[in-house]
There are 2 protein chains.
Amino acid sequence: MSEITAKITPPQDFDTLRAAILERKGELPKRLTQVAAYALDNPDEIAFGTAASIAQSADVQPSTLVRFAQQFGFDGFSGLQLLFRARLRERTSSYEERLRALEQDGAALAESTTIFNGFIAAAHRSVDAIAAAVEPDAFERAVTLLANAATIYLIAKRRSYPISSYMAYAFGKLKVRCQLVGTSAGIDDDLLAMATPDDAAFAISFSPYASESAAQARTLAARGIPVVSLTDSAFSPLAECSREWFEVVEADHAGFRSLSASMAFAMALTVSIAEKRRRG
Amino acid sequence: MSEITAKITPPQDFDTLRAAILERKGELPKRLTQVAAYALDNPDEIAFGTAASIAQSADVQPSTLVRFAQQFGFDGFSGLQLLFRARLRERTSSYEERLRALEQDGAALAESTTIFNGFIAAAHRSVDAIAAAVEPDAFERAVTLLANAATIYLIAKRRSYPISSYMAYAFGKLKVRCQLVGTSAGIDDDLLAMATPDDAAFAISFSPYASESAAQARTLAARGIPVVSLTDSAFSPLAECSREWFEVVEADHAGFRSLSASMAFAMALTVSIAEKRRRG
DNA sequence: GTCAATGTGGAATGTTCATTCCAATTGCGG
DNA sequence: CCGCAATTGGAATGAACATTCCACATTGAC
């Protein structure tokens with residue numbers, strides 16, 4: 001009983017699999033062709049369903065699904081299904097695929113190159129994520145709120161400080177009055193004591209949240225000063241005391257995050273506010 | 001044994017569930033709060049994983065996941081998981097709609113939305129540009145140079161200051177000695193006078209170039225201290241006095257630039273340096 | 001028309017998984 | 001400090017599942 005089907009290595013990503021299916025579609029037996037057509041037409045079903053449910057939809061037996069997967073070098077149906085799931089995960093950020101292509105050369109790459117590519121990919125994903133997460137209406141409300149403020153207080157400590165410092169720089173250029181809170185010790189609270197309900201605040205804080213930022217935001221909110229915030233989780237203490245808040249999930253590489261997406265958001269907010277003021 | 005938990009009907013869609021979780025996050029026990037945070041921060045994991053794998057990631061027991069789901073009226077964990085899957089199915093289409101709206105450019109859109117989309121697109125382009133522009137070998141050389149320095153001096157003024165300030169923050173966490181130059185008036189030159197050829201400098205400057213940054217970099221270079229720089233043009237005064245220099249062209253929107261690509265580069269450099277040191 | 005080879009359906013199997021249950025622990029009110 | 005209730009961890013359970021296997025059907029060759 002000589003094994004004809006030499007052990008082929010299965011496709012590693014969805015596109016390769018798709019190409020392989022299309023290529024062999026003609027030479028496949030009837031039922032397997034049926035599965036092939038169904039798989040390419042209903043990839044989402046394959047990703048989420050169970051073998052039994054998919055088999056029913058495609059009008060074949062579960063065992064046929066297994067045979068189909070084995071035709072393409074997988075151990076069983078589950079291995080093939082993983083590729084369909086991965087596709088769904090990465091559809092938003094196709095950069096994962098690009099990165100994996102980069103990493104395939106990876107053995108020969110210097111570690112610094114791997115790290116660099118990782119941060120580039122993370123930046124892309126982060127920007128995609130914030131583009132999807134920010135609701136235009138909420139953004140517009142936040143802009144209006146801040147544009148109407150006499151002075152905008154920018155609250156940020158530690159990791160988020162670079163963002164607010166860039167906003168302060170840009171506001172300066174744009175002739176929008178703002179006050180950076182979070183620089184050096186002590187004077188912060190005195191500064192904030194001067195804020196009135198005619199003003200507004202923009203607070204930024206990422207996990208692990210600096211307790212002063214949250215406390216300051218809460219204090220301002222309690223005094224009737226509207227707070228807009230940028231944070232990385234709905235569980236942030238900032239979320240609950242803000243009129244409007246936005247979530248930015250900076251993808252990380254090896255546990256470190258760049259601020260790429262936050263920076264883009266911050267500049268969009270800054271310029272939008274200035275523009276709204278200019279127009280009256 | 002009177003049943004207290006009257007049979008509540010579970011949320012029917014993801015947004016409702018999300019709202020319910022946020023609403024009750026305060027009154028939930030510790031482990032369930034942990035699950036709540038994990039679920040909202042890693043929805044994709046919930047959608048695809050098995051109860052066991054998710055439990056491990058979230059650092060709880062599988063049974064806790066079931067209890068969590070039951071808190072919100074589901075029979076078990078599987079019912080809750082369905083909502084996370086449905087969300088993923090729908091997200092793809094809504095994200096594509098968003099991109100289409102982005103390209104249609106603005107008829108009915110609020111101005112802030114146009115600006116926001118513009119900065120998102122600019123961030124994408126910038127990151128692509130720097131990924132293409134940075135040569136791995138040069139990057140590796142720069143990392144080596146800076147990793148060997150006793151103290152790393154970070155020179156940046158104005159627009160580039162937020163980047164160096166984030167690097168300084170990260171270096172602090174990573175236990176890499178560095179000195180931020182460019183904060184307040186006067187003391188800069190005194191600081192730099194202490195630098196020796198065992199040290200190194202990383203300078204950042206974008207057009208219009210702050211004259212002090214260029215002058216400081218030149219002075220250091222003349223004293224035999226290696227300088228690495230990040231700038232936006234080959235004509236930058238920094239380029240000529242640097243051992244290694246990198247070009248980042250931040251795409252702009254309406255004349256304003258975010259620092260998205262520079263931030264990604266800076267973090268890649270920072271982490272690479274720390275990693276190289278750690279490995280000896 | 002017969003035989004062999006290939007393809008197919010469906011039951012049987014063994015594994016993985018969600019769920020349940022109970023004991024141990026923690027936190028809280030007295 | 002004690003006792004009770006709520007919460008938690010982890011093993012036990014039973015259901016759902018992918019996979020395998022075998023009998024049967026179909027196809028194509030001689």
Side-chain angles (χ1 to χ4, degrees), chain A residues 1-8 10 17 21 24-39 42 45-86, chain B residues 1-8 10 17 21 24-39 42 45-86:
Chain A
M1 205 193 280
S2 63
E3 267 300 312
I4 303 172
T5 51
K7 206 176 191 176
I8 335 155
L17 172 62
I21 293 176
R24 300 182 46 190
K25 198 173 176 178
E27 67 198 59
L28 250 34
K30 187 174 133 206
R31 284 282 123 98
L32 297 192
T33 309
Q34 198 174 326
V35 174
Y38 183 85
N42 308 64
E45 288 302 316
I46 305 277
F48 286 117
T50 68
S53 70
I54 296 165
Q56 197 173 10
S57 297
D59 201 24
V60 295
Q61 289 291 324
S63 50
T64 307
L65 294 179
V66 177
R67 280 194 287 267
F68 178 78
Q70 286 169 341
Q71 281 287 327
F72 291 92
F74 297 97
D75 271 1
F77 174 70
S78 303
L80 177 142
Q81 193 178 34
L82 282 181
L83 258 55
F84 279 77
R85 293 189 171 179
Chain B
M1 204 194 280
S2 63
E3 269 301 312
I4 304 170
T5 52
K7 205 175 192 176
I8 334 155
L17 171 62
I21 293 176
R24 299 182 46 190
K25 77 179 181 189
E27 67 199 56
L28 250 36
K30 187 172 131 208
R31 285 280 119 97
L32 297 190
T33 309
Q34 198 173 325
V35 173
Y38 183 86
N42 307 64
E45 288 303 314
I46 305 278
F48 285 116
T50 67
S53 69
I54 297 165
Q56 197 173 10
S57 296
D59 202 24
V60 295
Q61 290 289 326
S63 50
T64 307
L65 294 179
V66 176
R67 279 193 286 264
F68 177 78
Q70 286 168 342
Q71 281 286 329
F72 291 92
F74 297 97
D75 272 1
F77 174 70
S78 303
L80 177 141
Q81 195 178 33
L82 282 181
L83 258 56
F84 279 78
R85 294 189 169 177

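Just so we're on the same page: letters track the sequence lines, and every chain starts at 1.
Rounded to an integer number of Å, the gap from CD of B/Q56 to C1' of C/dC17 is 15 Å. The separation between B/F68 atom CZ and C/dA18 atom C1' is 17 Å, rounded to whole Å. At whole-Å resolution of the value, CZ in A/R67 and C1' in D/dT19 are 11 Å apart. In this structure, CD of B/Q70 is placed 11 Å from C1' of C/dA18, rounded to the nearest angstrom. Counting to the nearest Å, the C1' atom of D/dA18 and the CZ atom of A/R85 are 12 Å from each other. Here the C1' atom of nucleotide D/dA18 and the CG atom of A/L80 are 13 Å apart, to the nearest Å. In this structure, B/I54 places its CD1 atom 12 Å from C1' of C/dC17, rounding to the nearest Å. Between the C1' atom of D/dT19 and the CD atom of A/Q81 lies a distance of 14 Å, rounded to the nearest Å.
Distances shorter than 4.0 Å separate some side-chain N or O of A/Q61 from OP1 or OP2 on C/dG10. For the OP1/OP2 pair of C/dT16 and a distance below 4.0 Å, the side-chain nitrogens and oxygens of B/T50 include no atom meeting the criterion.
Heavy atoms of B/P62 sit under 4.0 angstrom from at least one base atom.
One finds the CZ atom of A/F74 at 5.0 Å from the CG atom of A/L17 (value rounded to the nearest 0.5 Å).
Annotation: of the two residues near DNA chain D, B/K30 and A/G49, the 5′-most nearest-nucleotide partner is B/K30. Mapping A/V60 and B/V66 onto DNA chain C via the closest heavy atom, the residue that lands nearer the 5' end is A/V60.
No donor-acceptor distance shorter than 3.5 angstrom exists from the side chain of A/E45 to the backbone of A/I54, with no hydrogens or angles considered. With hydrogens and angles ignored, the 3.5 Å screen pairs a side-chain donor or acceptor of B/Q81 with a backbone N or O of B/G49.
No hydrogens or angles were tested; on distance alone, a donor-acceptor pair under 3.5 Å links the side chain of A/S63 to the base of C/dG10.
For A/F77, whose side chain is taken as the heavy atoms from C-beta onward, the closest listed nucleotide among D/dA18, C/dT19, D/dC21 is D/dA18. When distances are taken from the side chain of B/R31 to each of D/dT20, D/dT8, C/dT19, the shortest belongs to D/dT8.
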| task | Give the C-alpha distance, both sets of side-chain angles, the deciding distance and a yes or no for side-chain contact (heavy atoms from CB on, under 4.5 Å) between A/I21 and A/F68. | result | CA-CA 10 Å; A/I21 293 176; A/F68 178 78; 4.1 Å; yes
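Side-chain atoms of A/Q70 and A/R67 form no donor-acceptor pair, as typed in the model, at a separation below 3.5 Å.
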